[in-house]
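Below, read A as the first sequence line, B as the second, and so on, with proteins coming before strands; counting in each chain starts at 1.
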Amino acid sequence: MDVTTNIQQAAAAAVKDHYGVEIDPQILQVQETRKDFEGDFTLVVFPLAKYRLGAPHIVGEALGKLLVERLDFISSYNVIKGFLNLSLTDAFWVNFLSTSHQNPAFLQNTEGKGQSIVVEFCSPNTNKPLHLGHLRNIVLGNSLSHILEANGFEVHPVCLYNDRGTAICKSMYAWQLAGKNDSPASTGKKGDLFVGDYYVAFSDMLKKQKAELMAQGMDEKAAEKAAECSQAINEMLIQWEAGDPGIRALWKQMNDYVYEAHANTFKRLGVTFEKFYYESEEYEKGKDAVLKGLEEGLFYRKEDNSVWVDLEEAKLDQKLLLRSNGTSIYITQDLGVADQKHADFNMQKSVYVVGSEQDYHFKVLFELLKKMEKPYSDGLFHLSYGLVELPDGRMKSREGTVVETDDLIEEVRETVAKVTGESEKIDGLSDEELTVLLDQLALGAIKFFLIKVDPRKGMIFNPEESVQLQGHTGPYVQYAHARTRSLIQKAADNELPAFQAGAQLEEPLHTSERELLLKLFGYKHALAEAARNYNPAEIANYVYELAQSYSSFFANCRVIQQDKPHTSSFRLALSTFTGVVMKASLKLLGIEAPEKM
RNA sequence: GGUCCCAUAGCUCAAUUGGAUAGAGCAACUGCCUUCUAAGCAGUAGGUUCCAGGUUCGAGUCCUGGUGGGAUCACCA
């Protein structure tokens with residue numbers, strides 16, 4: 001049994017024996033003792049107030065005394081107001097380390113066993129490169145997938161490509177007009193950039209044509225519709241729908257350029273998807289589901305033949321599901337894709353990592369799926385994240401303020417190279433190893449930066465300052481990990497006794513050793529909470545605190561000491577284990593843990 | 001206008017989901033590399049947690065009402 005529940009139950013039993021009152025052990029929360037107070041775990045006594053057992057500090061005293069008597073792993077206690085601080089024996093911690101440090105099960109939770117869960121993320125358009133906003137999405141989705149997996153879930157990461165519609169037609173049209181014979185190969189541009197440039201070219205064209213029409217007195221909306229290039233796009237869309245071979249071939253060509261480029265970026269980021277869905281293949285699939293719902297009386301048809309659903313009960317509006325001409329809209333497609341996922345993976349839960357601007361959309365979608373009584377409708381979750389903004393506002397592709405993924409990685413990599421170049425620690429590395437290291441550190445910095453913030457919140461990205469290598473950063477954690485590895489190297493030169501259960505140390509545990517052990521002890525809880533809340537930021541903060549505790553330990557406690565072999569081997573095991581937990585935690589964030597840096 | 005989200009140190013963010021004296025990093029200042037990696041450690045300084053009420057043993061966290069910022073409300077996706 002877990003110590004904290006052990007303490008809870010023992011405390012509840014003590015209350016019963018001492019006061020004759022039966023209480024629910026759950027109300028007695030046990031938490032890590034705050035720094036500045038003596039102790040390891042704290043039992044909060046205040047909730048007992050409603051049983052009128054006496055002043056909280058007196059109740060705390062009584063319980064503390066009983067707990068020390070009854071639980072052999074508690075060495076002492078102190079009470080401050082209604083907080084009962086308990087110190088555990090050194091033997092307990094030595095035992096904790098010996099049972100955990102080589103136990104693979106320590107890194108794995110089992111809550112999700114037997115449950116299948118689909119995580120959809122990234123979901124890009126095919127008309128431009130991936131930018132910082134996508135990157136936050138990808139990094140969050142990827143990390144969430146790892147976290148769920150570590151909690152025992154059977155995870156299926158998928159990506160839905162928005163590969164059809166007006167956006168890609170714009171690039172196609174601009175290419176027809178201007179480029180014709182150009183390709184990524186002929187221009188030496190990465191495919192997504194290549195297609196994106198034509199998209200921008202189209203925007204400029206439209207802007208110009210609109211301005212001309214508005215100068216003739218047309219209002220903005222009408223001008224947008226009437227512009228020659230808008231008309232051409234509509235025509236192209238109709239041809240695409242009709243399956244025009246020329247248009248389809250061009251469409252496929254443009255998309256393929258982008259897929260190849262994106263695949264490259266994914267690879268560089270270390271992200272994999274189990275399956276890609278394509279809007280062009282899925283967008284008609286929701287129709288049948290809607291028609292079936294119509295038959296069952298869940299939806300209704302208006303005179304003009306459009307199909308609607310009434311969601312006013314859920315405080316949402318009347319929503320359109322099928323156009324009057326019978327075609328699908330965005331939400332219809334999502335209904336279809338949801339069923340397709342279920343057919344593919346038979347999931348109980350389904351997570352969508354999508355920006356917060358679509359909160360309303362997902363409320364509607366989830367309400368609809370519930371109404372249709374889908375088997376997975378209880379397990380739906382929208383991991384909604386805020387915008388990434390620049391110090392002077394939103395990124396705008398037209399103004400050239402978009403921070404592109406590949407550029408960003410390159411830029412950070414250069415900074416890392418500079419710092420690394422000044423260090424002698426990497427002397428033994430080959431050029432190839434150095435390249436790998438720089439990538440690991442640059443990506444570590446970027447990913448950590450994007451994950452550490454609560455996803456719900458918008459965040460500000462300052463190109464000059466944001467991605468640092470010191471302090472609350474990925475490289476800080478990576479550095480702490482590298483230190484654990486370097487210690488092991490050093491220790492190999494010394495002959496230390498093997499660390500084992502019941503080892504007698506030459507000196508009592510240092511405060512920073514206790515803090516570190518307490519942090520390690522908290523790993524399972526952090527892992528479980530991150531999954532329960534679908535929040536990778538909790539892992540980022542956990543591993544940062546772990547690295548802090550280790551760095552402090554490293555500065556305060558000498559590990560290898562000739563005259564104290566048992567303390568040495570204990571500390572070495574502690575370091576090794578910390579390294580293992582840090583590496584596993586970083587892995588959950590999609591970050592590599594280098595051996596040397 | 002309706003709905004939803006956000007507001008914490010100069011800046012970027014935390015706060016174990018209602019618990020102790022609100023904590024980290026950056027920036028500033030002070031110390032520490034001739035035994036394990038200084039991308040580090042230890043310290044100083046920095047706060048009316050947007051405002052006003054309420055709930056209770058206890059509020060940054062919950063409720064009500066404001067203020068400010070963002071998003072959204074298409075037969076777009």
Side-chain angles (χ1 to χ4, degrees), chain A residues 29-37 42 44-47 49-50 55-56 80-83 85 125 162 164-167 279 283 304 306 308 315-317 320-325 327 329-331 333-334 355-361 363 384 386-387 389 391 394 416 419-420 422-426 441 445 449 452-454 456-462 465-466 468-473 475-476 478-480 482-491 493-494 522 525-526 529 533 537-538 541-542 544-545 547-548 551-562 568 571-572 575 596-597:
Chain A
Q29 47 174 307
V30 177
Q31 52 195 229
E32 279 178 31
T33 300
R34 271 211 131 100
K35 271 184 191 176
D36 311 337
F37 294 96
T42 295
V44 184
V45 187
F46 288 111
K50 62 176 173 185
I80 295 167
K81 293 195 245 177
F83 297 94
N85 299 323
N125 289 329
N162 297 303
R164 54 156 224 125
T166 50
E279 187 190 343
Y283 80 112
D304 64 2
S306 55
W308 295 72
K315 285 201 270 183
L316 302 163
D317 299 316
L320 177 79
L321 297 179
L322 283 180
R323 294 191 184 100
S324 47
N325 65 12
T327 54
I329 58 167
Y330 187 44
I331 196 141
Q333 166 192 313
D334 270 342
S356 61
E357 64 273 12
Q358 295 203 39
D359 284 355
Y360 178 72
H361 170 76
K363 263 189 198 158
S384 161
L387 235 50
E389 292 185 276
R394 282 179 87 151
V416 174
V419 176
T420 304
E422 289 161 6
S423 152
E424 332 77 58
K425 294 164 195 158
I426 41 90
L441 293 176
F449 175 79
K452 74 177 178 184
V453 179
D454 186 338
R456 265 198 321 259
K457 294 188 179 176
M459 61 191 297
I460 295 180
F461 178 85
N462 185 332
E465 294 171 16
S466 287
Q468 305 221 335
L469 308 176
Q470 290 166 0
H472 194 175
T473 66
Y476 173 89
Q478 290 172 315
Y479 182 70
R483 282 173 141 182
T484 68
R485 305 305 298 167
S486 121
L487 258 186
I488 292 168
Q489 294 289 317
K490 277 273 163 13
D493 307 337
N494 294 268
H525 185 249
E529 284 298 294
N533 297 325
E538 294 182 22
N541 288 323
Y542 169 79
Y544 173 65
E545 284 175 17
Q548 265 186 323
S551 298
S552 179
F553 159 80
F554 191 86
N556 286 317
C557 303
R558 221 189 134 67
V559 174
I560 299 161
Q561 301 174 96
Q562 298 304 338
S568 296
R571 287 181 174 172
L572 185 64
S575 290
K596 241 191 226 188
M597 64 181 276

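- One can place CD of A:Gln561 at 13 Å from P of B:C36, the figure rounded to the nearest angstrom.
- The closest side-chain heavy-atom distance from A:Ile331 to A:Leu320 is not below 4.5 Å.
- The A:Arg456 side chain lies nearest to B:C5 when the options are B:C75, B:U17, B:C5.
- The phosphate of B:A15 (OP1 or OP2) has no side-chain N or O of A:Tyr544 nearer than 4.0 angstrom.
- Taking atom C1' on both B:G23 and B:U61, the two are 15 Å apart, rounded to the nearest angstrom.
- Under 4.0 angstrom from either OP1 or OP2 of B:C5 there lies no side-chain N or O belonging to A:Ser384.
- Considering only the side chain of A:Leu487, B:C36 comes nearest among B:A71, B:C36, B:C57.
- In this structure, A:Ala480 and A:Ala547 approach most closely via the heavy-atom pair CB-CB, 3.9 Å.
- Regarding A:Tyr476, its OH atom lies at a distance of 20 Å from the P atom of B:C13, rounded to whole Å.
- Taking atom P on both B:U30 and B:A22, the two are 28 Å apart, rounded to the nearest angstrom.
- The shortest distance between the side-chain N/O atoms of A:Arg323 and the OP1/OP2 oxygens of B:A77 is below 4.0 Å.
- Rounding to whole angstrom units, CZ of residue A:Arg571 and P of B:U35 are separated by 18 Å.
- Taking atom P on both B:G60 and B:U16, the two are 12 Å apart, rounded to the nearest angstrom.
- For A:Val44, the side-chain atoms get nearest to B:G19 when compared with the rest of B:U16, B:C13, B:G19.
- Each of A:Ser324 and A:Lys596 was matched to the nucleotide of RNA chain B holding its nearest heavy atom; the match closer to the 5' end belongs to A:Lys596.
- Of the two residues contacting RNA chain B, namely A:Arg483 and A:Leu320, the nearest-nucleotide position lying further toward the 5' end is that of A:Arg483.
- Side chain of A:Val419, nearest nucleotide from B:A39, B:C75, B:C36: B:A39.
- Closest approach to the A:Ile329 side chain among B:U21, B:U17, B:A77 is made by B:A77 (side chain taken as heavy atoms from C-beta onward).
- In this structure, the side chains of A:Leu469 and A:Val416 come closer than 4.5 Å at one or more pairs of heavy atoms.
- When the C1' atom is compared between B:G1 and B:U55, the two are found 32 Å apart, to the nearest whole Å.
- Atom P of nucleotide B:C36 and atom CZ of A:Arg558 are separated by 6 Å, given to the nearest angstrom.
- At least one side-chain heavy atom of A:Leu316 sits under 4.5 Å from a side-chain heavy atom of A:Tyr360.
- Residue A:His525 places its NE2 atom among 12 or fewer non-hydrogen atoms of other residues, nucleotides or ligands, all under 6.0 Å distant.
- With hydrogens and angles disregarded, a donor-acceptor distance shorter than 3.5 Å links the side chain of A:Ser568 to the backbone of A:Val559.
- Nearest nucleotide to the A:Glu279 side chain, out of B:A77, B:C41, B:U37: B:A77.
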Please write out each protein N/O paired with an N/O of nucleotides 27-30 of chain B under 3.5 Å, distance rounded to 0.1 Å.
none

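- If you check every strand for non-hydrogen atoms under 4.0 Å, A:Asn325 touches nothing.
- When each of B:A77, B:A38, B:C75 is scored by its nearest atom to the side-chain atoms of A:Ser306, the top-ranked nucleotide is B:C75.
- For the pair A:His472 NE2 and B:U12 P, the interatomic distance rounds to 15 Å; values are reported in whole Å.
- Using a 4.0 Å heavy-atom distance criterion, A:Ala49 is classed as making no nucleic acid contact.
- The phosphate of B:U37 has OP1 or OP2 within less than 4.0 Å of a side-chain N or O from A:Lys490.
- Taking every side-chain heavy atom of A:Lys363 into account, B:C4 is the closest of B:A39, B:C4, B:U35.
- Going from atom CD of A:Glu389 over to atom P of B:G70 covers 9 Å, rounded to whole Å.
- Rounded to whole Å, the C1' atom of B:A45 lies 47 Å from the corresponding atom of B:G2.
- Closest contact between the side chain of A:Ala555 and the listed nucleotides B:A39, B:C41, B:C36 involves B:C41.
- A stem is defined here as three or more consecutive Watson-Crick or G-U pairs, each with both distances under 3.5 Å; for RNA chain B these stems are B:1-7 with B:67-73, B:10-13 with B:23-26, B:28-32 with B:40-44, B:50-54 with B:62-66.
- When the C1' atom is compared between B:U64 and B:C26, the two are found 38 Å apart, to the nearest whole Å.
- Listed by chain and residue number, A:Phe448, A:Tyr544 satisfy the ring-ring contact (aromatic ring centres under 6.0 Å, His included) test with A:His472 (two or more places apart in sequence, or in another chain).
- As a whole-Å value, the separation of A:Gln31 CD from B:G18 C1' is 11 Å.
- Side-chain atoms of A:Glu357 and A:Leu387, non-hydrogen and from C-beta on, do get closer than 4.5 Å to each other.
- Considering only side-chain atoms of A:Leu469, the nucleotide from B:A39, B:A77, B:C57 that sits closest is B:A39.
- A distance of about 15 Å separates the C1' atoms of B:A9 and B:U44, rounded to the whole Å.
- With rounding to whole Å, A:His361 atom NE2 is found 17 Å from B:U3 atom C1'.
- Looking at A:Arg571 and A:Phe553, their side chains come closer than 4.5 Å, going by heavy atoms from C-beta outward.
- Look at A:Lys457 and you'll find a side-chain N or O under 4.0 angstrom from OP1 or OP2 of B:A14.
- B:G10 and B:C29 have their C1' atoms separated by 15 Å, with the value rounded to a whole Å.
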